[in-house]
Trainee: 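Sharing a structure with you now.
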Amino acid sequence: MKRIFFVAVLLISATILHAQGWYDVTKFGAKRDSSAKATAAIAKAIAAASKAGGGTVYFPAGKYLTGPIHLKSNITIHIDAGAELHFSDNFDDYLPMVETRYEGVDVTSFSPLFYAYKAENITITGRGLIDGHGKKWWDFVEGYKNDQPRSRWQIMFDSLNKNILLPDDPKQMKRGFLRPPFIQPMFCKNVLIEGISIRNSPFWTVNPQFCENVTVKGVTINNPPSPNTDGINPESCKYVHISDCHISVGDDCITIKSGKDIPGRTKAAPAQNYTITNCTMLSGHGGVVIGSEMSGGVKNIVISNCVFDGTDRGIRIKTTRGRGGVVEDIRVDNIIMKNIREQAIVLDMAYSKTTPEPVSERTPKFRNIRLSNITAYTKEAIFINGLDEMPVQEFSIQDAYFEAEAGIIIRKAKDIELKNVRIATTRGAAIDVSETERIDIDGLSSVQVRDSLPLIRLNEVKQAVIRNSWPQQGTTRFAEVKGAKTTQIIFHNNILPQAAPGIQINGDVPAKAVTISSSVN
């Protein structure tokens, strides 16, 4: 009797779940012990839910082996606690190739592991695990040599991509073996990815493209040291919300992109209106990175309340000649960075080596980028590097503390503000500025005594105000000014070292280019 009653309860429960729009993949033939691929069973469950107008495709606890999963509108994938989805590493399982985007270039290539195209109201959620088993993909790419015979997948890629728009440097596309992203919705609306754990992505992990209203919340991503396994890369999307995520990956943790070179400028779809908050980021090349593929533009980005611990860089914005596009209206606030192996903050417009050229649609622009309430323990505090023909414009940082080997380096910039910055460095000038126009340094203070090294070095700077600054007691050189093009440098209301030279003005500086007023020795 007990057995009959138990079976009856299960049948009633299954009926209720189905009536409520839940579609258990095991009822469609999926094996919970990974003894057989569940790809077809999952597709049947999605089709049944879609036919009913939508529903939840449910993975109870167990271990499932699958190929790519293609979502349709109004479908939720719910991966329960104790459930694991293990994606096949058989490359043929990701055929036929589909419309996708690879590093900012539109191509037809292997299907992403989770894929949706022009769908609405799609969700991947739960407390379960998805594993991309990326090692075979990584090994193929790492081991491939240009003089090797082309594989059948590369030949297939060539036949499907004869007329694609290529970037300025198409070498990587000629490889013709482009690993699939893990989760890539394209041209979708209302996308939610919440709660799940992801590991071992073949390529970029969460990579929405041309989507509207995307939320990634409470997701854990763990990729080992591996090529191009970025965490979250929303490209050319609008209204993106990333929060409460924990990311440790083989490349950048969160990256904002909008297409590369001619392909990106042709579609002209900016990445815009993103919020990133309450995230922790560990191993990775960068914490939050914008670019270098930003040819469609990036604007209206807010990054707040995050911790970076152990990344190569913290906030990084990068581009190069040929990209075009504008990065603007960026706000970064309340960030802690520890164990940063290179720079805490980077704005680099010369990410690759190029030669100066006239300003055109190929010329990128950085402007109106504001940071505040930053604490960083790093190798180098800030690196700003503009172009001869296009300086970095309208950058400010306020209420910041840096402990670093090297300090703040600014090259080829315009309209720069540093306010209430406290800094400890062990080599070079704490602030080293060259070929820059209009800079305001207000309330600078140093942590340790700087004997022979200047706290501030200005070279070929036009129009600067250095005020209300307070070097550590015992510092002998507050500032050094040099360069024949230097003009209108004002030191006002600073506490200068008692020992000369507090401010050293080199002989090549024009007469009357430097004014010192209301300072205290």
Side-chain angles (χ1 to χ4, degrees), residues 21-23 25 28 30 38-59 64 66-79 85 87-88 93-102 104 106-126 128 130 132 178-196 198 201-217 219 221 230-242 257-259 267 269 271 274:
W22 284 63
Y23 297 81
V25 294
F28 292 84
T39 314
I42 296 167
K44 288 177 183 177
I46 291 172
S50 180
K51 185 177 180 180
T56 298
V57 174
Y58 174 60
F59 290 81
Y64 303 86
T66 183
I69 297 173
H70 289 196
L71 299 181
K72 298 181 180 180
S73 292
N74 305 314
I75 296 296
T76 291
I77 299 290
H78 185 88
I79 306 166
L85 271 64
F87 282 84
S88 166
D93 287 342
Y94 299 89
L95 302 175
M97 293 185 172
V98 299
E99 291 185 46
T100 181
R101 204 186 204 191
Y102 186 92
D106 300 283
V107 294
T108 299
S109 190
F110 288 114
S111 170
L113 282 58
F114 278 100
Y115 180 68
Y117 190 84
K118 294 185 178 179
E120 296 187 8
N121 309 322
I122 57 174
T123 299
I124 303 171
T125 188
I130 58 176
L178 309 182
R179 293 161 288 153
F182 204 135
I183 302 173
Q184 189 182 68
M186 295 194 67
F187 302 101
C188 293
K189 290 184 179 180
N190 306 329
V191 177
L192 172 63
I193 302 168
E194 183 175 20
I196 59 173
I198 309 171
S201 177
F203 182 56
W204 293 351
T205 306
V206 178
N207 183 212
Q209 301 270 359
F210 307 104
C211 292
E212 181 176 340
N213 192 22
V214 176
T215 298
V216 184
K217 183 177 181 181
V219 170
I221 301 174
D230 299 42
I232 303 172
N233 295 39
E235 290 192 74
S236 298
C237 295
K238 56 184 177 181
Y239 314 124
V240 174
H241 324 89
I242 301 170
K257 299 175 181 289
S258 64
K267 285 209 167 181
Y274 290 17

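By convention here, the first residue in the shown sequence is residue 1.
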Trainee: Any side-chain heavy atom of N213 sitting closer than 4.5 Å to one from K189?
Mentor: no
Trainee: Regarding D93 and S88, do their side chains bring together a donor and an acceptor under 3.5 Å, going by distance alone?
Mentor: yes
Trainee: What's the separation between atom CG in L71 and atom OG1 in T76, rounded to the nearest 0.5 Å?
Mentor: 9.0 Å
Trainee: Run the ring-ring contact (aromatic ring centres under 6.0 Å, His included) check on Y117 and F187 step by step: do they pass?
Mentor: CA-CA 6 Å; Y117 190 84; F187 302 101; 5.7 Å; yes
Trainee: Do K267 and F210 form a cation-pi contact, if we require the NZ or CZ to be under 6.0 Å from the six-membered ring centre and within 45 degrees of the ring's axis?
Mentor: yes
Trainee: Calculate, to the nearest 0.5 Å, the distance between atoms CD1 and CD1 belonging to I196 and I130 respectively.
Mentor: 4.0 Å
Trainee: Would F87 and F114 count as a ring-ring contact (aromatic ring centres under 6.0 Å, His included) if you check the C-alpha gap in whole Å, the side-chain angles of each, and the deciding distance to 0.1 Å?
Mentor: CA-CA 10 Å; F87 282 84; F114 278 100; 5.4 Å; yes
Trainee: Do N190 and E120 pair up side chain to side chain, a donor and an acceptor below 3.5 Å, judged on atom types alone?
Mentor: no
Trainee: Please lay out, stage by stage, how Y274 and Y239 fare under the test ring-ring contact (aromatic ring centres under 6.0 Å, His included).
Mentor: CA-CA 6 Å; Y274 290 17; Y239 314 124; 9.5 Å; no
Trainee: Show your working on ring-ring contact (aromatic ring centres under 6.0 Å, His included) between F59 and Y64 and close with a plain yes or no.
Mentor: CA-CA 9 Å; F59 290 81; Y64 303 86; 5.3 Å; yes
Trainee: Which value, rounded to the nearest 0.5 Å, describes the distance between T125 atom OG1 and H78 atom NE2?
Mentor: 6.5 Å
Trainee: Write down the atom of P185, the atom of C211, and the distance for their closest heavy-atom approach.
Mentor: O-SG, 3.3 Å
Trainee: Would you check if I69 and L85 make a side-chain contact, meaning some heavy-atom pair closer than 4.5 Å?
Mentor: yes
Trainee: Closer than 3.5 angstrom, by distance alone: can the side chain of R179 be matched with the main-chain N or O of P202 as a donor-acceptor pair?
Mentor: yes
Trainee: For A119 and K72, which heavy atoms make the closest approach, and how far apart are they?
Mentor: CB-C, 4.1 Å
Trainee: Can you name the nearest heavy-atom pair linking V219 to I193, along with the distance?
Mentor: CG2-O, 3.6 Å
Trainee: For H241 and T215, run side-chain hydrogen bond (donor to acceptor under 3.5 Å, both in side chains): C-alpha distance rounded to whole Å, both residues' side-chain angles, the deciding distance at 0.1 Å, then the answer.
Mentor: CA-CA 5 Å; H241 324 89; T215 298; 3.2 Å; yes
Trainee: Which atom pair, heavy atoms only, marks the closest approach of S111 to P180?
Mentor: O-CB, 3.3 Å
Trainee: So I77 and I46, side chain to side chain contact (heavy atoms under 4.5 Å, CB included) or not? Walk me through it.
Mentor: CA-CA 9 Å; I77 299 290; I46 291 172; 4.3 Å; yes
Trainee: So how far is it from S236 OG to M186 CE, rounded to the nearest 0.5 Å?
Mentor: 9.5 Å
Trainee: With a 3.5 Å distance limit and no angle check, can you tell me whether N207 reaches the backbone of N233 through a side-chain donor-acceptor pair?
Mentor: yes
Trainee: How about I122 and C188: do any of their side-chain heavy atoms sit closer than 4.5 Å?
Mentor: yes
Trainee: I'd like to check I232 versus P234 (side-chain heavy atoms, cut-off strictly below 4.5 Å). Are they in contact?
Mentor: yes
Trainee: Return the minimal non-hydrogen interatomic distance between Y115 and Q184, and the atom names on each side.
Mentor: CD1-O, 3.5 Å
Trainee: Check whether any side-chain heavy atom of P208 sits under 4.5 Å from a side-chain heavy atom of V214, and report yes or no.
Mentor: yes
Trainee: State which residue, out of E235, E99, K257, fulfils the side chain to side chain donor-acceptor pair (under 3.5 Å) condition with Q209.
Mentor: E235
Trainee: Nearest 0.5 Å, what's the NE2-CG distance between H70 and L113?
Mentor: 9.5 Å
Trainee: Evaluate the criterion side chain to side chain contact (heavy atoms under 4.5 Å, CB included) for residue pair T205 and I183; output intermediate values, then yes/no.
Mentor: CA-CA 6 Å; T205 306; I183 302 173; 5.8 Å; no
Trainee: Apply side chain to side chain contact (heavy atoms under 4.5 Å, CB included) to residues T100 and V107 and explain how you reach the verdict.
Mentor: CA-CA 6 Å; T100 181; V107 294; 3.7 Å; yes
Trainee: What are the two closest heavy atoms between V98 and F110, and how far apart are they?
Mentor: CG2-O, 4.2 Å
Trainee: Just wondering, do I198 and F182 contact through their side chains at under 4.5 Å, heavy atoms?
Mentor: yes
